[in-house]
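Heads up, the thing below is written out as structure tokens.
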Amino acid sequence: MKKFILAASVLVAVYSCKKTESATKENTTETTSETPKSNNKIVTLSGGITEIVSALGHEKEIVGTDVTSTYPASLKTTAKDLGHVRSMTIEPIMAVNPTLILASDKDINPELLGKIKSSGIKAEVFHQEYTVEGTKKLIADVAKAIGNTEYQKLTDKIDADLKQVQPLSKKPKVLFIYARGNMLMVAGKNTPMASLINLAGGENAVNDFEDFKPLTPEAVIKANPDVLFFFETGLQGAGGNEGALKMPGVSQTNAGKNKKIIAMDGGLVSGFGPRVGEAAVGLNKLLVESTK
Amino acid sequence: MKAQSKLYFYMIISTILLAIIAVWSVDTGVYDFGGQSAFEVLGKVIKGDPDLSLSDRYVVWDVRAARIIMAMLIGSMLAVSGTSLQGLFKNPLATGDLIGLTSGATLLAAIAIVLGGHFKEYLPEAIQFSLVGISAFIGSLLSMMLVYRISTSGGKTNVVMMLLTGVAITAIGFSITGFLIYISKDEQLRDLTFWNLGSLAAATWTKNIILAIVLVVAYIILLPKGKALNAMMLGEKDAQHLGINVEKLKKQIIIIVALMVGSCVAFSGTIGFVGLIVPYILRLLFKSNYVFILPLSAVCGSILLLTADTFSRSMVAPSELPIGILTALMGGPIFIAILVKFKKSL
């Protein structure tokens with residue numbers, strides 16, 4: 001607590017010194033096309049947006065993030081972790097004295113959004129679509145919000161990465177299982193995972209519902225996936241490969257019989273930020289290996 | 001007259017205690033006002049100081065003060081509703097949570113949250129805005145009527161029946177809420193689970209004004225009922241002989257309690273056990289003298305919930321504990337204590 005008060009007061013002191021400077025710079029960003037680094041103090045409330053801001057070279061301006069912002073890892077030491085956007089309250093956000101709040105419409109709690117709007121802090125809420133085009137648009141939107149026009153290299157990198165995706169002779173059916181404690185959910189249509197699986201050359205195993213639904217043995221058997229796909233932390237929590245194979249219904253599926261279980265970093269897979277191409281290539285490699 | 005001055009004495013003492021806790025709560029939080037104390041900032045807000053930064057003003061006034069007032073209003077109403085029900089049913093276990101009112105209110109509020117999007121546009125605008133609140137009130141009123149009908153026969157209320165009806169309503173509420181969770185989206189799901197444990201984080205001045213209106217209307221009718229509730233302890237027939245219109249009293253209490261519990265659930269989610277803890281402690285001090293415990297529970301409810309909320313938002317800062325966890329933690333042991341004490345009479 002003491003440490004935090006100290007840190008907060010240092011931040012306040014630093015901020016009050018820079019206040020006038022940042023105000024003048026903010027005014028110039030609208031008139032000049034070349035944008036120097038602004039003196040924003042940014043709170044990012046979504047892993048994908050955090051990655052975009054960092055990739056654009058503004059990592060040092062991030063003063064607070066949500067729990068899904070796990071990349072770049074160095075942020076954990078420089079920005080305050082404000083918890084999960086669903087249970088976050090406005091005061092801890094204001095305690096880091098941000099000048100700009102960037103959030104995604106997919107997971108922000110409406111109460112918090114209302115409070116952010118009435119707090120008077122400049123805030124942008126972006127609509128996030130889990131497609132390559134959607135990601136490119138998000139990058140452009142975020143870049144505009146922080147006053148940086150040099151985002152082309154990020155979108156180019158996504159295209160370059162995606163070219164490395166190897167075609168698979170037969171599309172494997174991939175079932176994403178979101179495991180957290182005792183709750184097991186599978187990803188249906190219109191989820192970041194389904195979208196990424198398609199990008200990586202696979203086929204999402206469940207297409208009869210949207211979003212995430214609890215896993216039932218019958219549904220798993222009916223979906224009959226060729227590969228089971230987890231977040232690394234989720235798979236660990238579920239007891240590793242052995243635990244996954246013991247999940248109800250799994251042993252009856254192709255994936256269970258052939259022990260095809262893959263896992264990737266959760267932030268990379270679900271962020272749909274600048275690393276979406278990287279994520280697709282990573283998943284593609286795992287799929288190629290598992291279909292050999 | 002002596003009793004009256006004793007009541008004033010306790011009212012003043014508890015109000016001072018409440019004020020002290022409110023002061024402590026205003027100064028508790030992660031936001032730093034840049035060298036000033038929260039009171040200085042609050043003072044500037046009240047004086048209308050033009051130099052005050054917008055963020056400072058917002059945190060102290062729209063975040064902390066609004067939340068503190070909401071904790072007081074809701075704590076007070078939950079405690080008074082518990083006390084009134086206990087007087088009406090002559091039983092210390094009769095509270096909004098245990099007889100299913102909270103669950104009924106929660107259920108209808110949850111339906112409004114998850115399914116409201118489908119029919120909201122067909123409703124008049126005034127109702128759209130307060131759809132969740134209105135649903136919660138209807139939910140608690142329906143549960144109250146159901147509990148009353150089932151557990152009362154020939155003018156006598158069977159307490160075991162009443163609690164069991166509460167169990168049944170809670171079970172039904174739980175299962176339908178479970179179904180709603182199944183069909184809700186991931187975001188709605190998180191809202192529902194968080195909301196099931198209660199929180200005052202969404203406090204605003206508009207909500208406080210609505211709650212304050214409910215509170216004033218309810219207390220004008222309820223608080224002078226102490227003597228009538230004392231008479232009810234003798235039994236309904238004797239109360240009637242003393243000139244009390246028992247049926248009217250019952251109806252008034254039932255409707256007002258439903259209104260209070262419903263509006264509290266609508267704005268803060270389910271915060272359990274406040275209506276059990278406060279009257280229990282007061283009864284230890286003043287026996288079942290409702291002339292005392294009814295007005296005192298109005299102040300002590302505020303004290304309890306404000307204290308719990310200040311802890312809930314400072315214990316795991318910058319995140320916060322759902323407040324329902326804390327009140328249930330306090331309420332559970334008291335529930336057991338009451339059960340042990342009244343073992344024979346239940």
Side-chain angles (χ1 to χ4, degrees), chain A residues 1 4-13 15-16 19 64 66-67 80-99 104-121 178 183 185 187-188 190-192 209-214 216, chain B residues 28-36 38 53-67 113 117 132 178 181-195 197 199-207 267-269 309 312-323:
Chain A
M1 188 65 194
F4 178 70
I5 291 172
L6 192 69
S9 42
V10 170
L11 276 178
V12 171
Y15 175 57
S16 50
K19 221 173 196 173
D66 74 321
V67 78
K80 179 132 185 84
D81 184 353
L82 300 165
H84 197 287
V85 266
R86 280 283 137 190
S87 54
M88 210 178 268
T89 53
I90 185 75
E91 193 174 325
I93 298 179
M94 299 199 64
V96 295
N97 283 305
T99 56
S104 151
D105 65 350
K106 75 179 156 92
D107 41 24
I108 194 160
N109 159 348
E111 305 281 5
L112 179 64
L113 190 61
K115 292 259 170 189
I116 287 176
K117 279 183 183 155
S118 49
S119 74
I121 299 171
Y178 177 65
M183 203 171 69
M185 309 273 272
N190 295 335
T191 52
F209 57 78
E210 296 197 1
D211 255 306
F212 295 86
K213 283 271 151 80
T216 64
Chain B
T28 304
V30 289
Y31 186 84
D32 188 290
F33 294 99
Q36 313 174 78
S53 90
L54 280 178
S55 298
D56 287 358
R57 190 196 132 83
Y58 185 75
V59 169
V60 91
W61 186 248
D62 292 284
V63 177
R64 285 196 202 162
R67 186 169 178 157
I113 288 181
V132 179
I181 286 174
Y182 186 81
I183 61 165
S184 67
K185 289 189 184 149
D186 195 35
E187 312 91 83
Q188 288 170 333
L189 175 80
R190 285 183 189 275
D191 283 346
L192 280 176
T193 32
F194 188 68
W195 192 78
L197 289 165
S199 167
L200 298 168
T204 63
W205 287 108
T206 320
K207 290 178 186 170
F267 289 131
S268 66
D309 185 52
S312 93
R313 66 189 174 84
S314 56
M315 271 163 77
V316 291
S319 192
E320 63 179 53
L321 277 181
I323 190 168

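Source: prediction; values computed, not measured. Order of the sequence lines sets the chain letters (A, B, ...), proteins ahead of strands, with each chain counted from 1.
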With a 4.5 Å limit on heavy-atom distance, are the side chains of B:E320 and A:T89 in contact?
yes
Heavy atoms of A:K115 and B:A201 approach each other most closely as CE-O, 3.7 Å
From the list A:G114, A:S119, A:G83, the residue making the most non-hydrogen contacts under 4.5 Å with chain B is A:S119
Engaged part of A:M94 at the chain B interface, taking heavy atoms whose separation is under 4.5 Å:
both
Spatial distance of atom OG (B:S55) from atom CD1 (A:I121) [nearest 0.5 Å]:
5.0 Å
Mark yes or no for whether A:E91, through its side chain, and B:V30, through its backbone, hold a donor-acceptor pair below 3.5 Å.
yes
By side-chain hydrogen bond (donor to acceptor under 3.5 Å, both in side chains) - contacts of A:S118 (at least two apart):
B:Y58
Proximal component of B:R57, with respect to chain A [non-hydrogen, under 4.5 Å]
neither
Quick one: OG on B:S319 to CG on A:D81, what's the gap to the nearest 0.5 Å?
9.0 Å
